[in-house]
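Before any comments, here is the structure.
Computed over heavy atoms, backbone and side chain alike; hydrogens, waters and symmetry mates excluded. Throughout, a chain's letter reflects where its sequence line sits, starting with A, and its residues are numbered from 1.
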Number of protein chains: 2
Amino acid sequence: MRDFAPTEARLDVTRAKYPAFPREPAVLVRLIKHLFKEIHDEANGKLRAYGLNHPEYNILMMLYGSPDNRMHPSELADAAGEKSANVTRLTTQLCEKGYIVRSGSEEDRRKVTLTLTPEGLAAIADFLPDIVTLLHRQTRNLAKNEQEQLELLLKKMLAGFGGIGGRAS
Amino acid sequence: MRDFAPTEARLDVTRAKYPAFPREPAVLVRLIKHLFKEIHDEANGKLRAYGLNHPEYNILMMLYGSPDNRMHPSELADAAGEKSANVTRLTTQLCEKGYIVRSGSEEDRRKVTLTLTPEGLAAIADFLPDIVTLLHRQTRNLAKNEQEQLELLLKKMLAGFGGIGGRAS
DNA sequence: TGTTGAATATACACAAATGAACTATATACT
DNA sequence: AGTATATAGTTCATTTGTGTATATTCAACA
C-alpha cells in the first residue's frame, strides 16, 4: 500500500510558501496521477506474461467491446485515449502478432477497418481471467456503493474538462 | 467535455461476451485513465509557454513542497511517481535549465541532493498563477464537499494497491 | 464539373519513459 | 576485520509516445 501522507505534507509546505495554491484540487490531481501509475504498472506486470503491454491490451479490449469486433483507427484513438499516430503503431504490432487484421472500407475509402482475428479472441479469452482478478483486487477496498459514488464523482469531474480556455489547439 | 457514454456501451458489449468482467472496477479504471490523460495534456499545454513539461513541473513542485527546497533522487522518484532512471534524466534537464543544482551528500556518500536555485524559485513563482487557475478549472464541476468525498474515496482505493499478489518484483 | 476545405490514416523524425546492467557506498552478520 | 547483501544513483539499449507533414478521399458549393 502506498502512503499518501508525505504528499499532503508537501502540499502544506507549498501552501505555506504560496497560500493561493488550492489544496483540494491539487490533492485530487495528485491522487489521480498516482492511481493511474499504479494501475498502469500493475497491468503491465500482469500482461507481460502474455506478450502484451497495457496500450495493446486497451486496443484489444476496445475492439472486443464493439459488437462485431471491429473499429476504425480514429474511433480507436478516441476510445483508448491514444494519439492517432500511436494507434497506427500499436495496431501494426497487433497485426504482426496476428491478433487483428487491417482491411479497407468500402463506404469511405479513406477509412481502415481493424478486426479481431480468432487468434485475437483466443488471446483475450486467455488473459481475461487474470485481468478480472486484478480489477477486483484494485478496487477491493471500496464497497459497492462506494464504487458507484466514486464513479459518479469522477464522471462529474471529467465533465468539467475541455471547456472554454482549454488547451491550445 | 468528453463523452463517457461510448465507453459504457463498450463495457456492456464486453460483459455480454464475458459476463465475469466486472463493470464497476472497469469503469473506474477507465475513468481514471481518461482523467489522467486530460490532466496531463492540459498541464502540458499550459506549461509549454514556460519551456517545461508536466513531469518537469512535478519535480519542481515536489522540491518546492520540501521545507528547504531539496530532496534526494529516490525520494523524488517516489513522490513524483517516476522511475528512478527517469528522475535522473528529468533532473539533468532541470539542471541544464539552471532551476536546480546537484550536490553530493556528506552523511551518505551514495546520495545526491537536488536543490532549487533562485532561478528555479523564480520560475515557479512565474507559472504558479496559471497553474492555480488550471487546477480550479479542472475541478470546477465539484462542490467543496464533493471534492472532499472524492479525495476520501480515491485514498481508500489507492490504499488497496500493492498488497499480496502485487506486481512481480 | 472544378475547386476548396475538412477528415482519415500513415510516415518519419524526435522526445520521453522503461528495464537491465553497472558503479559506488553503506549495512549486517559471522 | 572480512564477506555478503542491500541501497542510491547513473548509463545505455530499447520501447513507447508525440508533433508535423503528407497522400488520399470525401463533402460542400460556386
Side-chain angles (χ1 to χ4, degrees), chain A residues 33 36-49 51-59 70-97 100-115 167-169, chain B residues 33 36-38 40-45 47-49 51-59 70-97 100-115 167-169:
Chain A
K33 187 168 56 196
F36 171 78
K37 300 238 175 193
E38 294 282 350
I39 289 169
H40 187 263
D41 284 356
E42 288 196 0
N44 264 330
K46 279 274 188 205
L47 291 164
R48 186 165 307 126
L52 294 169
N53 57 30
H54 197 192
E56 288 174 328
Y57 158 80
N58 276 323
I59 300 285
R70 67 179 57 201
M71 290 176 85
H72 301 297
S74 51
E75 291 176 312
L76 257 180
D78 192 44
E82 298 286 346
K83 303 289 190 295
S84 70
N86 209 25
V87 169
T88 299
R89 186 178 56 83
L90 289 166
T91 53
T92 300
Q93 291 172 355
L94 290 169
C95 279
E96 287 165 358
K97 289 175 183 169
I100 64 178
V101 287
R102 271 201 179 84
S103 58
S105 168
E106 291 141 18
E107 35 133 0
D108 184 339
R109 289 169 52 199
R110 291 171 301 182
K111 291 188 181 177
V112 163
T113 303
L114 300 158
T115 311
R167 89 197 71 166
S169 62
Chain B
K33 187 168 56 196
F36 172 77
K37 297 234 177 195
E38 293 284 347
H40 186 260
D41 284 355
E42 288 197 0
N44 266 330
L47 290 163
R48 186 165 307 128
L52 293 169
N53 57 30
H54 195 194
E56 289 173 328
Y57 158 81
N58 275 324
I59 299 285
R70 68 179 57 203
M71 290 176 84
H72 301 298
S74 50
E75 292 175 311
L76 257 181
D78 192 46
E82 298 287 347
K83 304 287 192 293
S84 68
N86 210 23
V87 169
T88 299
R89 183 180 58 84
L90 290 166
T91 54
T92 300
Q93 290 173 355
L94 290 169
C95 280
E96 285 164 0
K97 290 175 182 168
I100 64 178
V101 286
R102 272 202 178 83
S103 57
S105 169
E106 292 142 17
E107 35 134 358
D108 185 339
R109 289 169 51 197
R110 289 171 305 181
K111 291 188 181 175
V112 162
T113 302
L114 299 158
T115 311
R167 91 197 71 168
S169 62

Taking 4.0 Å as the cut-off, does a side-chain nitrogen or oxygen of A:R89 come that near to OP1 or OP2 on D:dT18? no

Heavy atoms, side chains only, cut-off 4.5 Å: are A:I39 and B:K33 in contact? no

Does any non-hydrogen side-chain atom of B:K83 lie less than 4.5 Å from one of A:D41? yes

Atom NZ of A:K83 and atom P of C:dC14: how far apart are they, to the nearest Å? 20 Å

Starting at the 5' end of DNA chain D, which residue's closest nucleotide do you reach first, A:E106 or A:P55? A:P55

Using whole Å, report how far CD of A:E107 lies from P of C:dA7. 17 Å

Using atom CG of B:L52 as one end and atom C1' of C:dA15 as the other, report the distance to the nearest whole Å. 15 Å

Please state how far atom NE2 in B:H72 lies from atom P in C:dA26, giving the value in whole angstrom units. 13 Å

Taking atom P of D:dA27 as reference, at what distance in whole Å does atom CZ of A:R110 sit? 6 Å

Nearest whole angstrom, please: distance from the P of C:dT18 to the CG of B:N86. 5 Å

If you check the A:R48 side chain, which of D:dT10, C:dT10, C:dG19 turns out closest? C:dG19

Distance check needed: C:dA9 P versus A:L90 CG, whole Å only. 15 Å

For a 4.5 angstrom cut-off between non-hydrogen side-chain atoms, does A:K97 reach A:L52? yes

Can you check the B:K111 NZ to D:dT7 C1' distance for me, whole Å? 9 Å

On DNA chain C, compare the nucleotides closest to A:E75 and B:D108; which residue's is nearer the 5' end? A:E75

Quick check on C:dA16: is either OP1 or OP2 less than 4.0 Å from any side-chain nitrogen or oxygen of B:N53? yes

Using 30° and 60° as the class boundaries, would you call the ring planes of B:H54 and B:H40 parallel, tilted or perpendicular? tilted

Any side-chain N or O of A:S74 below 4.0 angstrom from OP1/OP2 of C:dA9? yes

OP1, OP2 of D:dT25 versus side-chain N and O of A:R109: anything below 4.0 Å? yes

Which of the following nucleotides, C:dT10, C:dG19, C:dA11, is nearest to the side chain of A:S84? C:dT10

If you check the A:T88 side chain, which of D:dT10, C:dT10, D:dG19 turns out closest? C:dT10

Pick one: which of B:T113, B:T115, B:L114 meets side-chain contact (heavy atoms from CB on, under 4.5 Å) with B:R102? B:L114

